[in-house]
Amino acid sequence: MMDMLRTPDECFENLPGYDFAPHYTTILDDDGTEIRIHHVDEGPRDAEPILLMHGNPSWAYLYRKMIPGLLQSGRRVIAVDLVGCGRSDKPARKQYYTLARHMDWMKKWLLANDLRNITLFCQDWGGTIGLHLVAKFPERFDRVIASNTGVPTGKGGNRYLDIWLAVMRWMPSFPWKIAFKNTIQCEQFNQAKFDAYRKAPFPARRYQAGILQFPQLIAIHPDNPGVPLNEETWAGLKQFHKPFLTLFGSRDPVSRGFEKIFQKYVPGAQGQAHKIIRGGGHFIQEDKPEELVAEILPFLEVHQSTEAASDPA
């Protein structure tokens, strides 16, 4: 069984702009280890859910400025923390984290919460993992918005990713200012908000195993164990005919260009109002939350669920 860490609740007190109550689901890893996964859960519990999935090294805090706007749709809004991030439990050693495990953990979380008629908004690892859920459970997802993300299959990466993987292989602690603070374009991003990402979930270095390991899971090289899993994701996405929208940032050095791959190969992406959001960096939810919500709400309105569209009321 895995050694586990849990960030103390008091680390998450009085975070700027964040007053959402925590919700937890406990799943079992295949080795029998209990893992508690955190999510924000706002809006009517019987409404169709919008599922927000983040990347590395962020957590549900990244969506704090989008959640109020998305609630205007009348939907339930859920922002989940990946295992090893935010308020979710943190396996204590890097070798515990694999792409297969991340995908399995989130499959178990999804099924435990029995979410259906989902609108997925996913960014960074939230896309790589979240789109695998879409491929495996297409009947549970009504529509997808992909933002600054990709599903690589061993065909190489860009210069930024090559450098990132090489640097992170030997890092004893996460290089926050290089990898996170300097990639956010928002002028209002101050030290208190920076600490909500850095210090709140990770009060000591020993909590960082998951975010340190994530770069080595990016399947840009053909021998990466994640390649077959991402190929499975693509097999499902190429059969996904429901609405699929891309909203990428113009200043994202990580996944720039991947929106064109989604638009080319995902059937549901055909004819959608895809957009490159000017000035949006990799953490576009921090930079351009209002612009994202302004694109998402009409997308939801145009593409109503089958049940909603057929309801005479």
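Residue numbers run from 1 in the order of the sequence given.
- Aromatic ring centroids of Phe12 and Trp59 lie under 6.0 Å apart.
- Hydrophobic cluster membership differs between Val302 and Phe240, with clusters built from Ile, Leu, Val, Met, Phe, Trp and Tyr side chains linked at under 4.5 angstrom.
- Ile276 is connected to Leu292 through a chain of hydrophobic side-chain contacts under 4.5 Å among Ile, Leu, Val, Met, Phe, Trp and Tyr, so both are in one cluster.
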Could you go through the side chain to side chain donor-acceptor pair (under 3.5 Å) check for Thr233 and His132 one step at a time?
CA-CA 5 Å; Thr233 299; His132 189 76; 2.7 Å; yes
Show, in sequence, the C-alpha distance, side-chain angles and deciding distance for His282 and Asp124, and conclude whether the side chain to side chain donor-acceptor pair (under 3.5 Å) test is met.
CA-CA 8 Å; His282 186 58; Asp124 192 83; 2.5 Å; yes
Would you check, one step at a time, whether the test side-chain contact (heavy atoms from CB on, under 4.5 Å) holds for Asp30 with Asp104?
CA-CA 9 Å; Asp30 286 349; Asp104 184 61; 3.9 Å; yes
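- Taking CZ of Phe174 as the start and CZ of Phe214 as the end, the distance is 10.5 Å to the nearest 0.5 Å.
- Asp29 places a side-chain N or O within donor-acceptor distance of the main-chain N or O of Asp31, the cut-off being under 3.5 Å.
- A donor-acceptor distance shorter than 3.5 angstrom exists from the side chain of Lys242 to the backbone of Pro138, with no hydrogens or angles considered.
- Of the charged side-chain nitrogens involved, none lies within less than 4.0 Å of a carboxylate oxygen, so that Lys193 and Asp195 do not count as a salt-bridged pair.
- For Asp9 and Arg87, the salt-bridge test passes: some basic side-chain N is under 4.0 Å from an acidic carboxylate O.
- Hydrophobic clustering of Ile, Leu, Val, Met, Phe, Trp and Tyr side chains at less than 4.5 Å, counting indirect connections, unites Leu161 with Val167.
- Taking the ring centroids of His274 and Phe262, they lie at or beyond the 6.0 Å cut-off.
- In this structure a side-chain-to-backbone donor-acceptor pair under 3.5 Å is present from Ser88 to His38.
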Please report the C-alpha distance between Arg6 and Lys90 in whole Å, then the side-chain angles of each, then the deciding distance to 0.1 Å, and finally whether the side-chain contact (heavy atoms from CB on, under 4.5 Å) criterion is met.
CA-CA 6 Å; Arg6 180 172 295 171; Lys90 300 170 178 67; over 6 Å; no
Using side-chain contact (heavy atoms from CB on, under 4.5 Å), reason through Arg140 and Leu111 one step at a time and then give a plain yes or no.
CA-CA 10 Å; Arg140 291 181 177 268; Leu111 295 175; 3.6 Å; yes
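- Side-chain atoms of Glu259 come within 3.5 Å of backbone atoms of Gly257 as a donor-acceptor pair (strictly under, hydrogens ignored).
- Between His23 and His39, the ring planes are parallel. Angles under 30° get that label, and only those over 60° would be called perpendicular.
- A cation-pi geometry, defined here as NZ or CZ lying under 6.0 Å from the six-membered ring centre and within 45° of its normal, does not hold between Arg64 and Tyr18.
- The minimum heavy-atom distance linking Pro215 with Asn56 is given by the pair CD-ND2, 4.0 Å.
- Pro175 and Met168 make their closest contact through CD-SD, 3.6 Å (heavy atoms, listed as atom of the first residue, atom of the second, distance).
- Counted within 6.0 Å of CG on Asn14, heavy atoms from surrounding residues, nucleotides or ligands total 12 or fewer; the atom is thus considered open.
- Taking every heavy atom of both residues into account, Asn148 and Phe248 meet most closely at OD1-CA, 3.3 Å.
- When each of Glu290, Gln285, Glu286 is tested with Lys65 by the rule side-chain hydrogen bond (donor to acceptor under 3.5 Å, both in side chains), just one qualifies, namely Glu286.
- For the pair Met2/Ile35, a side-chain contact is recorded, criterion being any heavy-atom separation below 4.5 Å from C-beta on.
- Side-chain atoms of Asn230 come within 3.5 Å of backbone N or O of Pro152 as a donor-acceptor pair.
- Under the 4.5 Å side-chain heavy-atom criterion for Ile, Leu, Val, Met, Phe, Trp and Tyr, Ile220 and Phe258 are members of the same hydrophobic cluster.
- Of all non-hydrogen atoms in Ala219 and Gly226, the two that sit nearest each other are CB-C, 3.9 Å.
- Expressed to the nearest 0.5 Å, how far CZ of Arg76 lies from CG of Leu115 amounts to 6.0 Å.
- No donor-acceptor contact under 3.5 angstrom links the side chains of Asp142 and Thr119, judged on distance only.
- Note that CZ of Phe299 and OG of Ser73 are 12.5 Å apart. Values are rounded to the nearest 0.5 Å.
- Of all heavy-atom pairs spanning Cys85 and His54, the tightest one is CB-CE1, 3.7 Å.
- Atoms CD1 and OH, from Ile78 and Tyr63 in turn, are 13.0 Å apart once rounded to the nearest 0.5 Å.
- Across Thr149, Asp81, Leu82, a single residue satisfies side chain to side chain contact (heavy atoms under 4.5 Å, CB included) together with Met53, and that is Leu82.
- One finds the CD1 atom of Ile145 at 10.0 Å from the CD atom of Gln272 (value rounded to the nearest 0.5 Å).
- Of the possible donor and acceptor atoms, one in the side chain of Asp89 sits under 3.5 Å from a partner among the backbone N and O of Arg36.
- Phe141 has its side chain out of reach of Phe244: every pair of non-hydrogen atoms, C-beta onward, lies at least 4.5 Å apart.
- Only one option out of Val77, Val144, Leu245, Leu52 pairs with Phe121 in a side chain to side chain contact (heavy atoms under 4.5 Å, CB included); it is Leu52.
- Of all the heavy atoms in Met106 and Leu133, the pair that sits closest is C-CD2, 4.0 Å.
- A cation-pi arrangement is present between Lys238 and Tyr265, with the terminal nitrogen or guanidinium carbon under 6.0 Å from the aromatic centre and inside a 45° cone about the axis.
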Could you go through Tyr61 and Tyr197, starting from their C-alpha distance and side-chain angles, then the distance that decides it, and tell me whether this counts as ring pair (Phe, Tyr, Trp, His ring centres under 6.0 Å)?
CA-CA 7 Å; Tyr61 186 77; Tyr197 289 106; 5.1 Å; yes
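- Between the side chains of Asp252 and Ser255, a donor-acceptor pair is found at a separation under 3.5 Å.
- Cluster membership for Trp234 and Val227, using ILVMFWY side-chain heavy atoms within less than 4.5 angstrom, is not shared.
- More than 12 non-hydrogen atoms from other residues, nucleotides or ligands lie less than 6.0 angstrom from CZ of Arg45.
- In terms of modelled atom types and a separation under 3.5 Å, the side chain of Asn224 and the main chain of Gln216 share a donor-acceptor contact.
- Interatomic distance, Ser147 OG to Ile277 CD1, rounded to the nearest 0.5 Å: 6.5 Å.
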What's the verdict on salt bridge (charged side-chain N to carboxylate O under 4.0 Å, His left out) for Lys136 and Glu232, showing C-alpha distance, side-chain angles and the deciding distance?
CA-CA 9 Å; Lys136 290 299 181 182; Glu232 289 180 19; 3.1 Å; yes
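- Atom NZ of Lys108 has more than 12 neighbouring heavy atoms from other residues, nucleotides or ligands inside a 6.0 Å radius.
- Remark: aromatic rings of Trp125 and His102 are distant, center separation not under 6.0 Å.
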For a side-chain contact (heavy atoms from CB on, under 4.5 Å) check, start with the C-alpha distance between Glu291 and Arg278, then their side-chain angles and the critical distance, and finish with the verdict.
CA-CA 10 Å; Glu291 288 87 339; Arg278 303 304 303 175; over 6 Å; no
